[in-house]
Protein chains: 2
Amino acid sequence: MPENDPTPSEQSETAERFNQARTAQALALLEDYTEMIDDLIRDHGEARVTEIASRMGVTHPTATKAIARLKREGLAVSRPYRGVFLTEAGTRMAARVRTRHRVVVDLLLAVGVPGEAAKLDAEGIEHHVSDDTLHAFEAFLRARGQV
Amino acid sequence: MPENDPTPSEQSETAERFNQARTAQALALLEDYTEMIDDLIRDHGEARVTEIASRMGVTHPTATKAIARLKREGLAVSRPYRGVFLTEAGTRMAARVRTRHRVVVDLLLAVGVPGEAAKLDAEGIEHHVSDDTLHAFEAFLRARGQV
DNA sequence: GCACAATTAAAGCCATGGCTACACTTTTGT
DNA sequence: ACAAAAGTGTAGCCATGGCTTTAATTGTGC
Ligand SMILES: [Mn+2]
Ligand SMILES: [Mn+2]
Ligand SMILES: [Mn+2]
Ligand SMILES: [Mn+2]
């Protein structure tokens with residue numbers, strides 16, 4: 001059985017696949033929080049820690065830590081005892097993430113996934129949808145006139 | 001603007017969505033390792049730590065820790081300096097996960113996702129595909145005669 | 001304008017999943 | 001048979017993302 005080992009010192013295709021999945025997952029939290037903060041500012045004019053935590057389903061110290069990471073990565077700023085605000089980069093991420101989220105839900109619905117499952121599963125799936133896949137989803141929806 | 005707060009002491013729909021995504025993610029590592037170990041035993045008659053680590057794209061101590069968790073959760077057993085083996089539960093998980101992985105790849109291909117992206121993205125997406133969604137995917141593929 | 005409620009911050013605990021460094025066992029080649 | 005190589009185990013470090021508890025600040029009602 002010829003084990004076709006890929007050129008030495010190079011990762012197997014399998015390993016690369018898992019590495020990409022891990023990288024995508026590492027961004028998931030940032031993506032969900034920026035989208036959420038953007039939502040809150042649209043709907044309420046401000047994004048408060050307690051409200052963010054409540055909607056994310058975590059305690060407020062957990063949300064505070066996540067926001068600290070957003071700030072560290074240049075996606076958000078905040079004023080103590082006031083709200084959280086997105087930077088330019090954060091706003092761009094929120095816009096991209098919102099669109100992708102919507103496309104994923106629409107795609108799931110278009111292939112026949114029940115509404116409830118589509119909403120639930122999309123929250124996790126979205127973070128693993130690459131640009132290529134997103135474009136394919138959009139093309140599929142367009143071809144179906146579902147967009 | 002009437003904020004329709006869901007019955008007090010009950011999580012918002014949004015929070016539930018994020019909680020489900022977190023729960024699914026917590027199982028991802030177990031799912032990928034059981035599938036991998038099952039693959040290795042099929043192809044090589046045994047699953048060794050070094051080989052598992054290499055294919056997962058991690059160092060061997062990282063794989064050893066993951067295997068420790070599999071054992072703790074009753075999915076695998078191992079004999080020191082020998083291989084890793086799946087329990088009944090582990091074998092069942094591997095079978096379920098393998099099928100789901102294949103269906104996800106096929107679904108992505110069927111809606112027009114390029115092969116390379118389908119293979120890469122499926123590795124992360126699969127863990128967030130619920131039973132309802134999986135069944136919808138299968139129905140869609142059947143209707144297309146792509147199964 | 002003050003007491004109390006609500007919000008936010010800060011500290012510290014735990015589990016997970018990466019890593020490196022080092023020790024030990026098994027396998028291999030001569 | 002034994003030395004070297006490969007494989008495996010173990011210890012300990014770090015970052016992340018959950019949590020509870022306690023302190024500080026802000027907002028509210030009277
Ligand atoms: Mn999400
Ligand atoms: Mn989302
Ligand atoms: Mn996977
Ligand atoms: Mn898989």
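Values below: all heavy atoms of this structure, side chains included; hydrogens, waters and symmetry mates excluded. Letters A, B, ... are given to chains in the order of the sequence lines, protein chains preceding strands, and every chain is numbered from 1.
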Exercise. Can you see which heavy atom on B:Ser130 is nearest to which on A:Ala117, and at what distance?
Key: OG-CB, 4.1 Å
Quiz item: Given that A:Tyr81 and B:Gly83 both sit by DNA chain D, which one's nearest nucleotide is further toward the 5' end?
Solution: B:Gly83
Practice problem: Could you check which residues of residues 61-72 of chain B get a heavy atom under 4.0 Å from DNA chain C? Sort them by number, please. | Solution: B:Pro61, B:Thr62, B:Lys65, B:Arg69, B:Arg72
Practice problem: Answer yes or no: is there a donor N or O on one side and an acceptor on the other, between the side chain of B:Thr87 and the main chain of B:Leu75, under 3.5 Å? | Solution: yes
Quiz prompt | Positions of residues 15-37 of chain B (non-hydrogen atom under 4.0 Å from DNA chain D), listed by number | solution = B:Arg22
Quiz item: Quick one: which of B:Arg98, B:Arg100, B:Glu31, B:Arg102 gives a side chain to side chain contact (heavy atoms under 4.5 Å, CB included) with B:Glu126?
Solution: B:Arg100
Quiz prompt | Closest non-hydrogen atom pair, A:Leu109 against A:Ala118 | solution = CD2-CB, 3.7 Å
Quiz prompt | Side-chain ion pair, A:Glu88 and A:Arg92, N-O less than 4.0 Å | solution = yes
Self-check item: Span of DNA chain D, from the first to the last nucleotide whose atoms fall under 4.0 Å of chain B heavy atoms
Solution: D:dG7 to D:dG18
Practice problem: Could you check how far CZ of B:Arg82 sits from C1' of C:dC24, rounded to whole Å? | Solution: 14 Å
Quiz prompt | Verdict with reasoning, B:His127 to B:Leu27, per side chain to side chain contact (heavy atoms under 4.5 Å, CB included) | solution = CA-CA 8 Å; B:His127 307 287; B:Leu27 295 175; over 6 Å; no
Quiz prompt | Residues B:Arg17, B:Glu13: salt bridge by 4.0 Å N-O rule | solution = no
Quiz item: Taking B:Ser54 for the side chain and B:Thr50 for the main chain, is one N or O donor matched with an acceptor at less than 3.5 Å?
Solution: no
Quiz item: Do the side chains of A:Lys119 and A:Leu108 get nearer than 4.5 Å, heavy atoms only?
Solution: no
Quiz prompt | Any donor-acceptor N/O pair, A:His101 side chain to A:Val97 backbone, under 3.5 Å | solution = no
Quiz item: Pick the nucleotide of DNA chain C nearest each of A:Arg79 and B:Pro80; which residue has the one closer to the 5' end?
Solution: A:Arg79
Self-check item: Nearest heavy atoms of B:Ala63 and B:Ile52, plus distance in Å
Solution: CB-CG2, 4.4 Å
Quiz item: Could you state the CZ-P distance from A:Arg55 to C:dT7, rounded to the nearest angstrom?
Solution: 14 Å
Quiz item: For C:dT8, does OP1 or OP2 lie under 4.0 Å from any side-chain N or O of A:Thr50?
Solution: yes
